[in-house]
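Counting convention: from 1, in listed order, for ligands and their atoms alike. Basis for what follows: all heavy atoms, side chains included, without hydrogens, waters or symmetry-related copies. Quantities reported herein were computed from a predicted structural model and do not represent experimental measurements.
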Amino acid sequence: MSTVVNPATEETLAEIESAGVEETDAAVARAKAAFPAWRAVSPTDRGRLLRRLATLVEEHHEELSRIESRNVGKPIGGARGEVGMVAHVFHFYAGAVDKHHGETIPVAGGVDLTFREPLGVVGLITPWNFPLNIASWKLGPALACGNTVVLKPAELTPLSTMRLGELALEAGIPEGVVNIVVGKGSVVGQRLIEHPDVAKIGFTGSTEVGQQVMRGAAGTIKRVTLELGGKSANVIFADADLEKAAAAAPYAVFDNAGQDCCARSRVLIERSAYDKFAELFVAATRKLKVGDPEDESSEMGPLISAAHRETVASFVNGEPLFRGDAPAGKGFWYPATIVEATTDDRVAREEVFGPVAALIPFEDEADAVRIANASQYGLSGSIWTRDGARAFRVARAIDTGVLSINSNSSVRPSTPFGGFKQSGFGRELGMHALAGYSEVKNVYYATEG
Ligand code: NDP
């Protein structure tokens, strides 16, 4: 039995029977049985079903947002934005079904064609920080390509995904196509990774578990897509609009209480602008409203658990440059915190996954690129400058999968998302994600008599 808790109040939201290996095997068997009929559904009808699911998410927008806000401790405004994105993702993949074309390739003596075939049963393992969003990023392309799915949400935050499973049925997606299994990663997740009838694992979570996914998948040569940790840099050049960059910077690292693989938790500042930017950044962070996630004006909620709060706290030694306010009493609260660091400090190297920003000065463009790349991770990042040529030079030089210039916003349903280096591989979102949920089949047809 697992107890699902509201991290803002520590109240129990639900008690859920944890699935074991037997239930996981049963879900894989259901998905396997449903596969032949689902892959045979015409592209137009598959698109129509995904669009109906998107519409149902829109119709249940407030309900899903409340569930997500209570279970993750997210400010309700942010939760509403995320649920809006879930609907958008399903709309996008509804439209993508009949645009995932094959090719014809010039060859001698005949015709050569490629087909995009579904993989079969795919296992999806999702984390607790953006439960519904990340579920949709995987479900959308998996279903669009004609796969059936066993989805394991994080045990801490299963509620919104369970509701989405009900909505998928209500949308008319046939029984057995989407199977939600709630249970421990070490049991349900592990079984999916090893199961011979699961063709692929789509995983988002820690780099450590990502390594286990890769190792486990080797036994059956499973395909894997891994979206793992990050330690992204927010690079501020002295010629940037410093006011605008500083006003935006707190949201790039403290959003979702820093529990975001894209968090720009290393703020690299050109030395000549360091003092001014640090002052503006602290002033902007001071205004961040931390409190009850269901209060419409809240901008930051608590961390996911007491254990995670301890991990986050272990990164802050000594007096920080700034420490904000956070509610006392019940809830896993941790204040927005800004520290000054060097590239060697643990806070500048490891993923904190909490509201802790590390300020690091740099000397010039080459130094900025060197520091930005001095990380095992390469997921996201931002570049702030008024020099357009430099913005693109630096964007090309930083080894990271997703970047924004004069903005911290780089995740959209229609554009590819994923990492370099130990942030993982494979791409989610956009048309690129379809490649991760299909195989290319090449067929030659001889035409000579
Ligand atoms: P995990 O990587 O442990 O969890 C992610 C998912 O993997 C959950 O569904 C979890 O299940 C599952 N899982 C755990 N162990 C296994 C396993 N052996 N086999 C298969 N699946 C497994 O992340 P944590 O929750 O422990 O968070 C730890 C750190 O990971 C964070 O502090 C952060 O640094 C990073 N992280 C990164 C995320 C990202 O978006 N890239 C998201 C979440 C975490 P369950 O929890 O139910 O046991």
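A heavy-atom separation below 4.0 Å is not found between Glu208 and ligand 1. Within the 4.0 Å heavy-atom cutoff, Phe130 does not count among the residues contacting ligand 1. At a 4.0 Å cut-off, not a single heavy atom of Gly230 sits close enough to ligand 1 to count as contact.
Side-chain contact annotation: Glu58 with His91, donor-acceptor N/O pair under 3.5 Å present. Looking at Ser297 and Lys289, their side chains do bring a donor and an acceptor atom within 3.5 Å of each other. For the residue pair Lys32/Thr148, the side-chain donor-acceptor check at 3.5 Å is not satisfied. In the model, Lys138 has no side-chain atom that pairs as donor or acceptor with a side-chain atom of Thr225 under 3.5 Å. In this model, a donor atom of one side chain and an acceptor atom of the other lie less than 3.5 Å apart for Glu155 and Ser18. Of the N and O atoms on the side chains of Ser382 and Ser404, at least one donor lies less than 3.5 Å from an acceptor on the other residue. Side-chain atoms of Lys184 and Ser186 form no donor-acceptor pair, as typed in the model, at a separation below 3.5 Å.
Separating the CD1 atom in Ile134 from the OG1 atom in Thr204 is a distance of 5.0 Å, to the nearest 0.5 Å.
Remark: minimum distance from atom 18 (N) of ligand 1 to any protein heavy atom is reached at Gln212 OE1, 2.9 Å. Of all protein heavy atoms, the one lying nearest to atom 31 (C) of ligand 1 is Phe353 CD2, 3.6 Å. What sits closest to atom 48 (O) of ligand 1 on the protein, heavy atoms only, is Gly185 N, 2.8 Å. Counting only heavy atoms of the protein, atom 11 (O) of ligand 1 lies nearest to Lys152 NZ, 3.0 Å. Here the protein heavy atom with the shortest distance to atom 7 (O) of ligand 1 is Phe203 CE1, 3.2 Å. Of the protein's non-hydrogen atoms, Gly205 CA, 4.6 Å is the one closest to atom 4 (O) of ligand 1. The shortest contact between atom 29 (C) of ligand 1 and any protein heavy atom is with Ser206 CB, 3.9 Å. For atom 3 (O) of ligand 1, the nearest protein heavy atom (residue, atom name, distance) is Val209 CG2, 3.5 Å.
Under 4.0 Å is where a charged nitrogen must lie from a carboxylate oxygen, and between Glu117 and Arg39 at least one such pair does. The pair Glu296-Arg80 meets the salt-bridge criterion, since a charged nitrogen lies less than 4.0 angstrom from a carboxylate oxygen.
Against a heavy-atom cut-off of under 4.0 Å, Ala154 is close to the following atoms of ligand 1: 9 (O), 47 (O). Numbered from 1 in the order shown, with element, the atoms of ligand 1 that lie under 4.0 Å from a heavy atom of His308 read 32 (O). Within the listing of ligand 1, atoms 19 (N), 20 (C) sit less than 4.0 angstrom from a heavy atom of Ile193. Set against the non-hydrogen atoms of Glu227, the atoms of ligand 1 under 4.0 Å away are 41 (N). Proximity to Leu228 (heavy-atom distance under 4.0 Å) selects the following atoms of ligand 1: 41 (N). Atoms of ligand 1 found under 4.0 Å from any heavy atom of Trp128 (numbered from 1 in listed order, with element): 24 (P), 25 (O), 27 (O). Atoms of ligand 1 lying under 4.0 Å from any heavy atom of Gly183, numbered from 1 in the order shown and given with element: 47 (O).
Here Phe315 and Phe353 keep their ring centres 6.0 angstrom or further from each other.
Looking at Thr126 against ligand 1, only its backbone comes within 4.0 Å, counting heavy atoms. Contact annotation for Glu155 and ligand 1: heavy atoms of both the backbone and the side chain come within less than 4.0 Å of the ligand. Within the 4.0 Å heavy-atom criterion, neither part of Val213 lies near ligand 1.
For Asp399 (side chain) and Gly378 (main-chain N/O), no donor-acceptor pair under 3.5 Å exists by modelled atom type. Panel note: side chain Arg346, backbone Val316; no donor-acceptor pair is recorded below 3.5 Å.
For atom 13 (N) of ligand 1, the nearest protein heavy atom lies under 4.0 Å away. For atom 45 (P) of ligand 1, a protein heavy-atom neighbour is present inside the 4.0 Å cut-off.
Taking each heavy atom of Asn147 and Ala142 in turn, the nearest pair found is ND2-O, 2.9 Å. Between Ser380 and Ser410, the shortest heavy-atom distance links the atoms OG-OG, 3.7 Å.
In terms of N/O distances under 3.5 Å, ligand 1 is approached by Glu351.
When Cys261, Pro127, Gly189 are checked for heavy-atom proximity to atom 42 (C) of ligand 1, Pro127 turns out nearest.
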